[in-house]
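First listed ligand is number 1; within each ligand, the first listed atom is number 1.
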Amino acid sequence: MTTVTPEPQAHDAGSFPVTQDLAEVRFLTGISIVVPTYREVQNIPLLLERIARLRRDHDLTLEVIFVDDDSGDGSVEAVQASGHDWARILVRTENRGLSPAVIDGFRTARYPVLVCMDCDLSHPPERIPQLILGLNAGQQFMIGSRYVPGGSTDDDWGFLRWLNSRIATLLARPLTQIRDPMSGFFALRKADFDRARDLNPVGYKIALELIVKCDFENVGEVPIEFRDRVHGESKLTFREQLKYIQHLRRLYLHRFANAMHLAQFLVVGASGVVVNLVVLSLLAAFGLPDAICLAGGIGVSVITNFLLNRRFTFSYAKNGPILRQFAGFLGASAVGALVSFSVSMMLRTRALFDVAFGLQLAALCGIATGMIFNYLGNRYIVFRKTHVRR
Ligand code: GDD
Ligand code: MN
């Protein structure tokens with residue numbers, strides 16, 4: 001029986017017993033390894049060679065599915081030339097991208113355990129058995145991690161890329177506790193994948209997408225030594241990193257729907273305060289009377305608040321009838337706006353506000369009072385609790 005040396009201990013994010021007996025891996029029906037590729041012709045034979053050795057050493061039933069975005073660099077021929085009947089390549093011509101490629105690969109996989117890994121030899125195929133053992137021990141998702149004891153990354157990454165990766169990981173913290181959710185090396189059951197609803201993968205972070213959308217709770221990490229690629233180039237561009245922010249927003253919305261609506265509403269509200277003050281100050285700079293400045297600030301900020309709320313906070317309604325929505329929004333904000341205006345005007349007549357930035361100060365007090373009115377009005381009138389009839 002083959003046994004692994006105890007050194008690469010699986011780190012328990014969810015705590016599970018680690019059996020070191022690799023013979024158990026054999027009891028699985030089979031493993032589908034999905035490898036997204038774009039211009040990896042040089043790496044394909046090298047990766048296949050290492051997987052072939054693994055397959056032989058552990059007597060594994062497996063298939064390798066390269067999912068290529070029409071690289072046209074001889075990748076197809078390279079897979080064919082390998083002569084392995086357990087390796088095939090799928091060429092995609094639409095909806096380019098790493099995550100959609102992985103999803104397509106998973107969909108055509110024929111075995112009950114799915115593994116995803118890069119083609120550039122950054123991820124050691126020799127760690128696949130550890131990933132599978134984690135699943136056998138009851139984990140729902142196993143990830144190869146650079147940031148658990150025993151894991152590492154090549155140092156020539158440079159400070160900026162390291163920092164970038166750490167920040168990206170930190171931003172994902174509320175979604176998952178694992179140390180390296182950015183990793184593209186992981187395993188899960190096909191049955192769990194098939195149950196995933198509303199997968200919407202943008203960009204690179206396919207593992208994070210799956211953990212959140214499949215609601216995985218038991219996620220384990222196996223330390224890996226992440227190697228920088230030797231052949232070819234990384235495709236992780238700045239544009240991909242911007243997509244990550246968009247991806248995070250969607251995942252937060254998915255996981256924290258209600259809190260996210262409130263948070264976005266508050267952020268939009270805060271932006272409205274800034275817009276209000278800027279407009280008001282501009283009008284004041286032209287020497288216009290206070291009433292006009294205050295009304296202008298309020299008017300413009302109501303419009304930007306409306307547009308931003310429509311686009312972001314309540315984006316599910318962004319294709320609804322804009323005029324009717326605007327009328328409703330005006331109705332809902334009218335009392336608050338009026339209170340804000342009146343309070344500011346009143347305060348302005350007081351000597352206390354006859355100072356530098358007195359107009360802005362009065363406006364802020366008005367906005368605060370207006371917000372309280374808005375809140376109370378909504379709480380006790382618009383959305384009041386209905387009385388129980390006797
Ligand atoms: N089909 C397809 N389409 N494959 C792609 C695409 C694409 O648009 N872009 C990249 N790939 C493939 C690459 O050929 C490689 O096999 C794998 O996806 C990872 O791409 P790299 O370009 O090597 O990414 P990286 O090394 O910068 O990113 C690595 O680290 C990230 C975390 O820092 C990967 O492990 C990522 O998965 C990981 O998120
Ligand atoms: Mn890479």
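- For ligand 1, none of its N or O atoms has an N or O atom of V35 under 3.5 Å away.
- Using cut-offs of 30° and 60° on the angle between ring planes, the pair F106 and F186 is perpendicular.
- Y244 places a side-chain N or O within 3.5 Å of a backbone atom of A168 that can act as its donor or acceptor partner.
- Close approach to M182 involves these atoms of ligand 1, each under 4.0 Å from a residue heavy atom: 31 (C), 32 (C), 38 (C), 39 (O).
- Geometrically, R249 does not engage F312 in a cation-pi contact, judged by NZ or CZ lying under 6.0 Å from the ring centre and within 45° of the ring axis.
- Considering backbone and side-chain N/O atoms, D68 never comes within less than 3.5 Å of an N/O atom of ligand 1.
- Close N/O approach between E233 and ligand 1 is not found [any backbone or side-chain N/O within under 3.5 Å].
- Proximity to T37 (heavy-atom distance under 4.0 Å) selects the following atoms of ligand 1: 1 (N), 2 (C), 4 (N), 14 (O).
- Using a 4.0 Å cut-off to heavy atoms of D120, the atoms of ligand 1 that qualify are 23 (O), 26 (O).
- Relative ring orientation between F314 and H261 is described as parallel, the plane-to-plane angle staying below 30° on a 0-90° scale split at 30° and 60°.
- Closest heavy-atom contact between D120 and N43: CA-ND2, 3.7 Å.
- Here is the list of ligand 1 atoms found below 4.0 Å of a heavy atom in K205: 39 (O).
- Figure legend: cation-pi geometry between R146 and F185 absent, as NZ or CZ is not positioned both under 6.0 Å from the six-membered ring centre and within 45° of its axis.
- Distances from atom 12 (C) of ligand 1 to the heavy atoms of P36, S234, A168, S71 put P36 nearest.
- Here R229 has side-chain heavy atoms under 4.0 Å from ligand 1, and that is the only part of it that gets that close.
- Between H84 and W86, the ring-plane angle classifies as parallel under the 30° and 60° cut-offs.
- Close approach of ligand 1 to A101 (heavy-atom distance below 4.0 Å) involves ligand atoms 1 (N).
- When distances from the Mn ion (ligand 2) to the N, O or S atoms of D120 are compared, OD2 comes out shortest.
- Applying the 4.0 Å criterion to heavy atoms of G184 picks out, from ligand 1, the atoms 35 (O), 37 (O).
- Look at S122 and you'll find every heavy atom at least 4.0 Å from all atoms of ligand 1.
- When atom types are taken as modelled, the side chain of E221 and the backbone of R179 share a donor-acceptor pair closer than 3.5 angstrom.
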Working for side chain to side chain contact (heavy atoms under 4.5 Å, CB included), residues M117 and I128: CA-CA 10 Å; M117 68 188 302; I128 291 176; 4.1 Å; yes
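- Comparing F186, Y244, Y204 against atom 9 (N) of ligand 1, the shortest heavy-atom distance belongs to Y204.
- When all heavy atoms of C365 and L347 are compared, the closest pair comes out as CB-CD1, 3.4 Å.
- Remark: ligand 1 atoms within the under-4.0 Å shell around heavy atoms of H123 are 35 (O).
- Between atom 11 (N) of ligand 1 and the options D118, L121, L98, the minimum heavy-atom separation is to L98.
- Taking a 6.0 Å sphere around CZ of F256, one finds it holds more than 12 heavy atoms contributed by other residues, nucleotides or ligands.
- Salt bridge E63/R110: present, at least one basic N to carboxylate O contact under 4.0 Å.
- Counting the atoms of ligand 1 from 1 in the order shown, those under 4.0 Å from a heavy atom of V67 are 1 (N).
- Residue contact check for ligand 1: R146 places a non-hydrogen atom closer than 4.0 Å to it.
- In terms of polar-atom proximity, S165 is not counted as a contact of ligand 1, lacking any N or O under 3.5 Å from an N or O of the ligand.
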